[in-house]
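As a basis for the values below, the full set of heavy atoms in this structure was taken, side chains included, without hydrogen atoms, waters or symmetry mates. Residue numbers start from 1 in every chain, and the chains themselves are labelled A, B, ... in the order their sequence lines are given, proteins ahead of strands.
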There are 2 protein chains.
Amino acid sequence: MASLRDVAERAQVAVSTVSAALNGTRPVAVATKRRIEQAAAELGYRPNLLARGLQSKRTRILALLFPAPRSGFGLTEMQFATGAAEAASELGYHLLLSPESADPIDEVRHLTGLGLVDGVLLMEVRLDDERTEFLSASGVPFSMIGRTREPGSIDYADIDFAATARDAVAHVAGLGHRKLAFFNLSTDLYADGYGPAIRAGEEFAAAARAAGIGYVDGFRPGSAKEGRAAFERLLDAHPDVTALAVMDDHAAVGVIAAVAARGWHIPEDLTLLLVLSSAAVAEMFHPRLTTLEPPSTELGRLGARMLIERLRGDGPPRQRLVPCNLVVGDSSAAPRSLS
Amino acid sequence: MASLRDVAERAQVAVSTVSAALNGTRPVAVATKRRIEQAAAELGYRPNLLARGLQSKRTRILALLFPAPRSGFGLTEMQFATGAAEAASELGYHLLLSPESADPIDEVRHLTGLGLVDGVLLMEVRLDDERTEFLSASGVPFSMIGRTREPGSIDYADIDFAATARDAVAHVAGLGHRKLAFFNLSTDLYADGYGPAIRAGEEFAAAARAAGIGYVDGFRPGSAKEGRAAFERLLDAHPDVTALAVMDDHAAVGVIAAVAARGWHIPEDLTLLLVLSSAAVAEMFHPRLTTLEPPSTELGRLGARMLIERLRGDGPPRQRLVPCNLVVGDSSAAPRSLS
DNA sequence: TACAGTTGTCGAAACGTTTCGCACACCGTA
DNA sequence: TACGGTGTGCGAAACGTTTCGACAACTGTA
């Protein structure tokens, strides 16, 4: 591998001049500069990132800290990672995939102490996330995909739950529905302070209120079985519900079974929305469900980009909310008559 | 951050002695060694990976080269990545997530030329994969998750399609079925030389032959619609088929719809197997489908481990095949009577 | 006492960058 | 002619490791 010295020799200049010319660090006469660039090209010179990092204290490597795959870990998380990696790559950065060990704090300390990464990208952020405190305290630049309860001045990219809920409610209300029910994620996740569960729950309620339509929540089925049971309880208590938004894929399966068991059909007798699930999953249902698809790739990209911007220089907190994409499927229709 | 010199000062020895003691590179008197270790611990010393890499030419970083997410990119690919990252982490390595640019060859050249990575992990390997030739030629250590048509002496970890097919056929035959049909992945993937499609196709045929049961293939539905049509054509031509193995998730949806349309039930009238799909997906079906779950995490782990072993020293090619895990669901039963 | 071998430690060089003080030549101005 | 300013380029130091030849202090043997 050609080094800076090789280029210097070939261009008949000092090593430091080559460095300056190639990085634009300080002015270099155009003739010299051209000569250097040509020499570099001829030798196929590539800067050694280790040497550069050692000297400049900046490696242009970001760590993506991801927790042990929960159940339901899948496409969305993959898209965070690929989106972040792509955006980083476009900006000349690299992304290190860092599985979270037993002790995430230690993990972070390790990574930064090693001098290997410039910054950290957090995913699967809890409402109360101990990692953020440690990162803030230790001065390591970081940004979050998702956000804590009070992000303060921390950079983040997250789903715009308010806009998403508004879109969903508007869609349903536009079809003529007067009462919407909402099935949140499983009780476990909810109790754990899982951001999307809490926020989506709040925002759907608010959006329904704002739109002036009826609203029922409090259900948190985490499996097909629970979904089925929840739906039956729902209709017992609120027979006038004509539209339902479900967060959990498996719960949706149960709902569909319950609908069929009742002799009903989707969408004629129930409008069903899948919230925060990918269109790829929605297509596995029959009929194809209307989905609020999370902008996962975009969030990954944003997370990486704002972290890199932060590394380049200070500035105000970068906080971005992106709404889900409403993909209308075959599970949306006007409400059944409530005779 | 404490450096080797700080430790040396505190322990009252030379820098080189500290290095030797900490790495076990050469013998150091026990007393000295203990003194050094204590000093290191007190200072919270962590070796600077950049400096180490610069000197030793080994960074302990692996690159996971992944292609642009195809459709159907999801849990499986995520598990390759997380598995590889975990295994690497356990062995003191790091995993760099490297999105494949327009020119994968250039991408690899870039990564290795930069001096950043010790080796490359390839996923989504095609039967004829140009990347392998380049990597072999350029002398960069690498291993594959999946494998080319003729892997030669290249290290790889892949699904054991033969064993998987045997298990599947044995399961079906054990239930009493006498004729099995197989729906491969979409025509596009098949034509593209996608390894799993080709190999699974071949091995299912071979396994059925070996087990002495009837076998039908040639179908490649890539969507629910195509799955439905394929199933109808299948039964027109082969009314005595009682069991079906499907590779594509969406095609399975179509098959289920077609079964229902016919007034049939699963598993009473048809035993349905989902091949190379995760149990999480299988659970979304109703009834829960019997699945041959790919050992994705394991393959990721193996890929990383064998690459690291290769880096540590030469040796014979490491080639591992791991069968899918048969998860029996509620879609398996004795054949319907063929009266 | 002299010498070879062993054991433990040291110091310096090297890896490939970036950074920074300095020197040289040239310009226009006083 | 002398002088400050400007535009270029150079050389050396530094980043934190690893590696390797040299060397001092012992040990045991002749």
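A salt bridge is defined here as a Lys NZ or Arg NE, NH1 or NH2 lying under 4.0 Å from an Asp or Glu carboxylate O, and B:Arg305 with B:Glu90 fails to meet this definition.
Straight-line distance from the CD atom of B:Gln12 to the C1' atom of C:dG8: 17 Å, rounded to whole Å. For the pair B:Arg5 CZ and C:dA12 P, the interatomic distance rounds to 13 Å; values are reported in whole Å.
Put simply, the side chain of A:Arg320 never gets that close to the backbone of A:Ala157: no donor and acceptor are under 3.5 Å apart.
Under the side-chain contact (heavy atoms from CB on, under 4.5 Å) test applied with B:Tyr93, the options B:Ile61, B:Leu311, B:Thr59 reduce to a single match, B:Leu311. For the side-chain hydrogen bond (donor to acceptor under 3.5 Å, both in side chains) with A:Asp155, the qualifying choice from A:Arg310, A:Gln319, A:Arg147 is A:Arg310, the only one to do so. Screening A:Thr32, A:Val30, A:Thr25 for a side-chain contact (heavy atoms from CB on, under 4.5 Å) involving A:Val28 leaves a single residue, A:Thr32.
Closest non-hydrogen pair, B:Leu122 versus B:Thr132, comes out as CD2-CG2, 4.1 Å. The nearest pair of heavy atoms linking B:Ile159 to B:Pro295 is CG1-CD, 4.1 Å. Across all their heavy atoms, B:Leu91 and B:Arg60 have their closest contact at O-NH1, 3.6 Å.
Side chains of A:Leu96 and A:Leu111 form a contact here, defined as non-hydrogen atoms less than 4.5 Å apart. Under the 4.5 Å side-chain criterion, counting only non-hydrogen atoms from C-beta, A:Leu135 is not in contact with A:Ile154. A 4.5 Å side-chain heavy-atom check between B:Tyr45 and B:Leu22 finds at least one atom pair inside the cut-off.
Across the interface with DNA chain C, nearest-nucleotide mapping of A:Ser3 and B:Pro27 shows B:Pro27 to be the residue nearer the 5′ end. Toward the 5' end of DNA chain D, the nearer of the two residues B:Ala2 and A:Thr17, judged by each one's closest nucleotide, is A:Thr17.
Take A:Asp160 and apply the side-chain hydrogen bond (donor to acceptor under 3.5 Å, both in side chains) test, not counting sequence neighbours, and it matches no residue. In this view, A:Ala85 and A:Leu95, B:Phe66, B:Leu97, B:Pro99 satisfy the side-chain contact (heavy atoms from CB on, under 4.5 Å) rule, not counting sequence neighbours.
For the helix from C:dT1-D:dA30 to C:dA30-D:dT1, the angle separating the two terminal helix axes comes to 70°, with each axis derived from five pairs and the value rounded to 10°.
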Within the sub-3.5 Å range, which N or O atoms of nucleotides 19-26 of chain C have a protein N or O partner, and how far apart are they?
unit_1: C:dG21; atom_1: O6; unit_2: A:Arg26; atom_2: NH1; d: 3.4

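Protein chain A contacts DNA chain D from D:dT8 to D:dG16, reading 5' to 3' and using non-hydrogen atoms of the protein with a distance under 4.0 Å.
Residues from residues 29-36 of chain B with heavy atoms under 4.0 angstrom of DNA chain C, sorted by number: B:Ala29, B:Thr32.
At a threshold of 4.0 angstrom between heavy atoms, the contacts of B:Pro47 are confined to the sugar-phosphate backbone, with no base atom among them.
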